[in-house]
Number of protein chains: 2
Amino acid sequence: MTVIFSKKCELGLQAVLYLSAFPKNTLFSALEISEKINAPKEFVSKILQTLTSSGIVGSKKGNSGGFYLKIDPGSVRLIDVVSAIDGLDLFRNCVLGFPGCSVDEPCPVHESWGKLRNETYTMLSNQTLAELRDITVNKINSLKK
Amino acid sequence: MTVIFSKKCELGLQAVLYLSAFPKNTLFSALEISEKINAPKEFVSKILQTLTSSGIVGSKKGNSGGFYLKIDPGSVRLIDVVSAIDGLDLFRNCVLGFPGCSVDEPCPVHESWGKLRNETYTMLSNQTLAELRDITVNKINSLKK
DNA sequence: CAAAAATAAGACTAAATTTTCTTATTTGCA
DNA sequence: TGCAAATAAGAAAATTTAGTCTTATTTTTG
């Protein structure tokens, strides 16, 4: 089971982080990326297509084609990728699944989860891929092979 | 899509919260509970069976049978229900899905998510059902009919 | 121009989760 | 004792998510 994001989203985040470790516009084939993040090539390719249509990633067809980060790493935040793939329902819905959870009819953890949820949103919004670069490079390099 | 818990877990939490709003050992049939929390009866019944085998809930067969909170509401915490249904992987796995995420090989949000994850765990552990009773009763009563 | 290698797109399959159904067993009560 | 109503248990169906396959198109290179 995934933690809070879907598998698609996790892999999308990993792929974009991978791309952000290299100079902007550096092309990588879906195969290269999939091997690096240890995921099925076709699945990665499909996820990157989604990110392409949302504008975060660019693609180039043909013999020497591939995917690349289209937006400057200083302008992309993790939340942008999450938003493009899973959407933001995570930050709207009641964590206990109650309907109509609000200040007037709060669930038992409405306030406390609300706070944590906002902090999570902030965490995913605060830093850009550029700011995460060093730690990202270190992590990417530790992924064996 | 659910927020961080599975549907089973959400409904299990709702059902237990419902039971905790009444004096301990008060019996409710799966049908009554399912109508209250607006979920399929058989599904609720199955979830409560899980909670029965984990000891949080008790069950009584036969004509006037049903389910009841077996442990005192002052001794049950939300995390106990989560643990019984979804397990605690949520509090162990990397939120970005990276393997081997650790202090030595942290992912880009290892520290910040680690903190939020611990606070989430604390939130689900701190208060007992008894302490949540007032707000629970209010929420349950707002769920129409 | 033809071959090779890549993305794009969509159909298809597989797996996991959710939900329903069926049957057995238990229990209270007339 | 027999019926009705409930849980127990497990099979089956439906839905969602994950992953694969196929075909088309693009682009570079020989």
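Excluded from the calculations below are hydrogen atoms, water molecules and symmetry mates; all remaining heavy atoms, backbone and side chain alike, are included.
The residue among A:G62 and B:K61 whose nearest nucleotide of DNA chain C lies closer to the 5′ end is A:G62. Mapping B:S64 and A:L11 onto DNA chain D by nearest heavy atom places B:S64 closer to the 5' end of the strand. The 5' end of DNA chain D is approached more closely, in terms of each residue's nearest nucleotide, by B:L48 than by the other of B:L48 and A:F43.
Relative to the side chain of B:M1, the nucleotides D:dT17, D:dT27, D:dG19 differ in distance, and D:dT17 lies closest. Listed nucleotides: D:dA6, D:dG10, D:dA18. Nearest to the side chain of B:S29: D:dA6. The listed nucleotides are D:dT22, D:dA11, D:dA18; the one nearest the side chain of A:E42 is D:dT22.
As a whole-Å value, the separation of A:N63 CG from D:dT25 P is 19 Å. Distance CZ (B:F67) to C1' (D:dA9): 12 Å, rounded to an integer number of Å. Atom NZ in B:K46 sits roughly 16 Å away from atom P in D:dA14 (whole-Å rounding). At whole-Å resolution of the value, CD in A:Q49 and P in D:dT25 are 15 Å apart. If you take CG of B:L31 and C1' of D:dA5, they are 11 Å apart, rounded to a whole angstrom.
A:Q127 approaches A:E131 most closely through the heavy-atom pair CA-OE1, 3.0 Å. In terms of heavy atoms, B:K36 sits closest to B:Y18 at CG-CE1, 3.3 Å. Shortest non-hydrogen contact noted between B:L48 and B:A15 is CD2-CB, 4.0 Å.
Side chain of A:D86 to main chain of A:V82: no donor-acceptor pair is present (N/O by atom type, distance under 3.5 Å, no hydrogens or angles). With hydrogens and angles ignored, the 3.5 Å screen pairs no side-chain donor or acceptor of B:E105 with any backbone N or O of B:G100.
Residue contacts shown for B:K60 are limited to sugar-phosphate atoms, with no base heavy atom under 4.0 Å away. Residue contacts shown for B:S45 are absent, as no nucleic acid heavy atom lies under 4.0 Å away.
The salt bridge (charged side-chain N to carboxylate O under 4.0 Å, His left out) search around B:E119 returns B:K115, not counting sequence neighbours.
Two residues are said to be in side-chain contact when any heavy atoms from C-beta on lie closer than 4.5 Å; B:W113 and A:T120 meet this criterion. Side-chain contact between B:I135 and B:K139: absent, with no pair of heavy atoms (C-beta onward) separated by less than 4.5 Å.
Contact check of residues 79-97 of chain B against DNA chain C (heavy atom, cut-off under 4.0 Å) returns no residues at all.
When each of A:L78, A:V81, A:L11, A:L90 is checked for a side-chain contact (heavy atoms from CB on, under 4.5 Å) with A:F5, only A:L90 meets the rule.
Protein chain B contacts DNA chain C from C:dT18 to C:dG28, reading 5' to 3' and using non-hydrogen atoms of the protein with a distance under 4.0 Å.
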